[in-house]
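Just so we're on the same page: letters track the sequence lines, and every chain starts at 1. What's counted below: heavy atoms across the whole structure, side chains too, no hydrogens, waters or symmetry copies.
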Amino acid sequence: MLDLKLIRENSALVKQAIANKNEKANIDNILELDETRRVAQFNFDQMKAEQNKVSKEIGMRKKNKEDASDLLAKMPEVAAKIKELKQTLSEADEALNEAILWVPNLPHESVPVGKSEDDNQVIRQWGEKPSFDFQPQDHVVIAEKNNLLDLERGAKLSGSGFPVYTATGAMLERALINFMLDLHITKHGYQEMMVPTIVNPSAMKGTGQIPKLKGDMYHIEEEDMYLIPTGEVPLTNFYAGEILKNKDLPQKFVGFTNCFRREAGSYGKYTRGLQRLHQFNKVEMVRFVKPQDSWNILEEMVQDAEDVLQALGLHYRVLKLCTGDTSFASAMTYDLEVWAPGADKYLEVSSVSNFVDFQARRANIRFRNYEGKVEFLHTLNGSGLATPRTIIAILENYQNADGTFNIPEVLKKYIPTLN
RNA sequence: GGAGAGGUGGCCGAGCGGCUUAAGGCGUGCGCCUGCUAAGCGUAUGUAGGCUAAUCCCCUACCGAGGGUUCAAAUCCCUCCUUCUCCGCCA
């Protein structure tokens with residue numbers, strides 16, 4: 001969330017930023033709620049100070065065996081008044097806290113203003129589109145010919161969007177996950193984490209999925225818990241509510257998790273094969289850094305994700321998202337899009353974001369700086385990578401005329417039947 | 001799921017209705033002293049909100065979370081979360 005002081009003192013700027021992000025948070029309402037809350041706080045503090053003073057006096061008199069009945073007589077009224085003020089205060093608090101959760105992060109000033117994905121900027125490309133002397137097939141066809149997927153039986157078990165990876169398909173998926181984890185651990189220095197896939201509402205609030213994206217997630221009613229839409233949630237909330245030591249920063253986590261998304265309302269979008277799933281696998285990178293470092297780290301993380309695609313030999317491009325396409329909690333986001341010759345388009349396989357102190361404020365993650373003062377830290381995350389579309393790209397880029405495909409060199413040692 | 005014992009400041013740990021503005025210790029910062037080091041002495045040392053020129057003072061909240069009793073709650077009562085031990089169930 002945003003600093004209330006910032007909203008108070010720069011409301012025009014905040015309003016403009018919200019408009020640029022295609023969001024609709026009501027800043028005037030928040031300013032009113034803030035004012036109401038501060039008045040309530042003031043009234044409560046005053047009355048409470050009075051009560052503390054008199055209560056102390058009563059204690060003194062009783063200790064000295066003096067009569068305190070005159071004070072005692074008027075105190076129930078004060079206590080009742082305090083109860084009332086406390087109620088008013090907590091209502092004001094609640095209203096403000098609820099409202100501010102709907103305010104998105106401010107986009108960084110360098111983020112291009114734009115309405116939709118059409119306004120995103122291509123920053124750079126790597127490699128080039130492969131050429132084929134035959135008509136390249138789409139990944140579903142290749143998967144079928146090589147017994148890699150069983151989408152129908154997945155649908156039988158769960159529904160559409162829940163693929164079964166079969167035989168070499170399963171091994172390829174596992175190989176890819178292990179390869180990516182190993183790369184980030186050994187080459188980029190991340191610490192591996194294995195985290196829960198089901199989290200509580202407070203974690204979801206911490207990273208910004210709640211309240212805005214509540215409907216996009218699977219909810220377990222019995223326990224009031226959520227299936228994570230991304231490893232970002234448990235990894236970032238790992239330090240929720242804590243004050244880290246200066247020497248504990250920076251920290252870099254990488255973790256493999258299943259991800260679950262309801263994808264409600266995405267009917268009509270391109271969903272063939274592995275393109276858009278309810279359950280998929282992802283290796284996620286999360287960083288906790290000092291505020292002054294986060295913009296450099298963002299660039300570094302994009303490179304970490306790019307390394308995966310480069311090692312796999314897949315042509316891709318890097319996009320800087322415009323304000324309208326930058327997610328609720330992010331200040332700046334780069335997307336990596338890999339080329340899929342069968343589908344004849346670029347597919348998003350990674351999203352790398354700097355949240356600055358937005359998530360840290362929500363999740364209350366702070367650190368003691370070198371002066372010993374407590375400060376919110378900055379969080380970043382990036383996919384490194386999501387597997388389904390990476391698999392699509394591998395199959396389609398490495399396909400042969402006879403319908404078979406080659407395994408990228410770096411994955412071979414992870415496939416048991418090849419060793 | 002059942003029974004019992006806990007959850008206090010950076011850490012250990014006392015307190016179990018008002019003398020706690022949370023004892024004491026450890027750690028840490030600063031100062032003094034000591035011709036090094038160690039020890040010693042003094043002093044400071046939480047987070048958040050308000051007030052303010054101010055990281056001074058002052059006021060308020062916070063002793064796992066939320067309610068309640070009381071003039072007054074770390075302390076009493078209730079609910080929940082969580083840790084440990086034992087039992088049950090179980091991959």
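- The separation between A/Asn43 atom CG and B/U60 atom C1' is 13 Å, rounded to whole Å.
- At the heavy-atom level, A/Lys86 lies nowhere under 4.0 Å from the strands shown.
- Distances shown here put every side-chain N or O of A/Arg37 at or beyond 4.0 Å from the OP1 or OP2 atom of B/G49.
- A salt bridge links A/Lys282 to A/Glu284: at least one charged side-chain nitrogen sits closer than 4.0 Å to a carboxylate oxygen.
- Taking atom P on both B/G24 and B/U82, the two are 36 Å apart, rounded to the nearest angstrom.
- Summarising the base pairing, B/U21 is matched to no nucleotide, lacking a Watson-Crick or G-U wobble pair whose two defining distances lie under 3.5 Å.
- Here the C1' atom of nucleotide B/A61 and the CE atom of A/Met47 are 17 Å apart, to the nearest Å.
- Under the Watson-Crick or G-U wobble criterion, with both distances below 3.5 Å, B/C36 is left unpaired in every strand shown.
- Under the side-chain hydrogen bond (donor to acceptor under 3.5 Å, both in side chains) test applied with A/Arg287, the options A/Asn381, A/Thr236, A/Asp304 reduce to a single match, A/Asp304.
- As a whole-Å value, the separation of A/Ile58 CD1 from B/U70 C1' is 11 Å.
- Screening A/Lys320, A/Gln121, A/Glu299 for a side-chain hydrogen bond (donor to acceptor under 3.5 Å, both in side chains) with A/Tyr334, the sole residue that qualifies is A/Glu299.
- When the P atom is used for both B/A48 and B/C57, the distance is 16 Å, rounded to whole Å.
- Across all strands shown, B/U83 is found opposite B/A5 as a Watson-Crick or G-U wobble partner, with both distances under 3.5 Å.
- Comparing B/U55, B/A72, B/U47 against the side chain of A/Lys373 picks out B/U55 as the nearest.
- Judged by Watson-Crick or G-U wobble contacts below 3.5 Å, the nucleotide B/G29 has B/U43 as its partner.
- When the P atom is used for both B/G1 and B/C80, the distance is 11 Å, rounded to whole Å.
- Nucleotides of RNA chain B nearest to A/Met60 and A/Phe42 differ in position, and the one nearer the 5' end is that of A/Met60.
- Note on A/Gln51: a side-chain N or O is less than 4.0 Å away from OP1 or OP2 of B/A72.
- Counting only heavy atoms from C-beta on, A/Lys83 has its side chain closest to B/G68 among B/C71, B/G68, B/A61.
- With rounding to whole Å, A/Asn97 atom CG is found 12 Å from B/G49 atom P.
- Using N1 to N3 plus N6-O4 or O6-N4 for Watson-Crick, or N1-O2 and O6-N3 for G-U wobble, each under 3.5 Å, B/A91 pairs with nothing.
- At a threshold of 4.0 angstrom between heavy atoms, the contacts of A/Val374 are confined to the sugar-phosphate backbone, with no base atom among them.
- The partner of B/C51 cannot be assigned: no Watson-Crick or G-U wobble pair with both contacts below 3.5 Å exists in any strand.
- Nucleic acid contact class of A/Arg61 (heavy atoms, under 4.0 Å, all strands): none.
- Rounded to the nearest Å, the gap between the P atom of B/A61 and that of B/A54 is 24 Å.
- Side chain of A/Arg389 to backbone of A/Glu348: a donor-acceptor contact under 3.5 angstrom is found.
- When the P atom is used for both B/G7 and B/G13, the distance is 10 Å, rounded to whole Å.
- Ion pairing of A/Arg8 with A/Asp3 is absent here, as no side-chain N (NZ or NE/NH1/NH2) approaches a carboxylate O to less than 4.0 Å.
- Of the listed nucleotides (B/C71, B/G50, B/U60), B/U60 has the atom at the smallest distance from the side chain of A/Lys48.
- A gap of 13 Å separates the P atoms of B/U79 and B/G4, to the nearest Å.
- With B/A72, B/A61, B/A48 as the candidates, the nucleotide lying closest to the side chain of A/Asn52 is B/A61.
- The side chain of A/Lys56 approaches B/U21 more closely than any other nucleotide in the set B/U60, B/G50, B/U21.
- Between A/Arg261 and A/Leu227, the closest side-chain pair of non-hydrogen atoms is not below 4.5 Å.
- Within 4.0 Å of A/Gln46, counting heavy atoms only, lies no atom of the nucleic acid at all.
- Rounded to whole Å, the separation between the C1' atoms of B/C41 and B/C33 comes to 8 Å.
- Pair assignment for B/C63: none, as no Watson-Crick or G-U wobble contacts are both less than 3.5 Å.
- Here, B/C81 and B/U43 have their C1' atoms 41 Å apart, quoted to the whole Å.
- Relative ring orientation between A/Tyr218 and A/Phe260 is described as perpendicular, the plane-to-plane angle rising above 60° on a 0-90° scale split at 30° and 60°.
- In this structure, A/Leu71 reaches neither bases nor backbone, as no heavy-atom distance under 4.0 Å exists between it and the strands shown.
- In this structure, CE of A/Met75 is placed 16 Å from C1' of B/U69, rounded to the nearest angstrom.
- Out of B/G46, B/A72, B/G50, the shortest distance to the side chain of A/Arg368 is found at B/G46.
- Under a cutoff of 6.0 Å and an axis angle of 45°, A/Lys252 and A/Tyr190 form a cation-pi pair.
- Base engagement by A/Lys62 is indicated by at least one non-hydrogen atom pair under 4.0 Å involving a base atom.
- When rounded to the nearest whole Å, the span between CG of A/Leu244 and P of B/U47 equals 15 Å.
- Rounded to an integer number of Å, the gap from CD1 of A/Ile243 to P of B/C11 is 10 Å.
- Atom CG in A/Asn200 sits roughly 15 Å away from atom C1' in B/G64 (whole-Å rounding).
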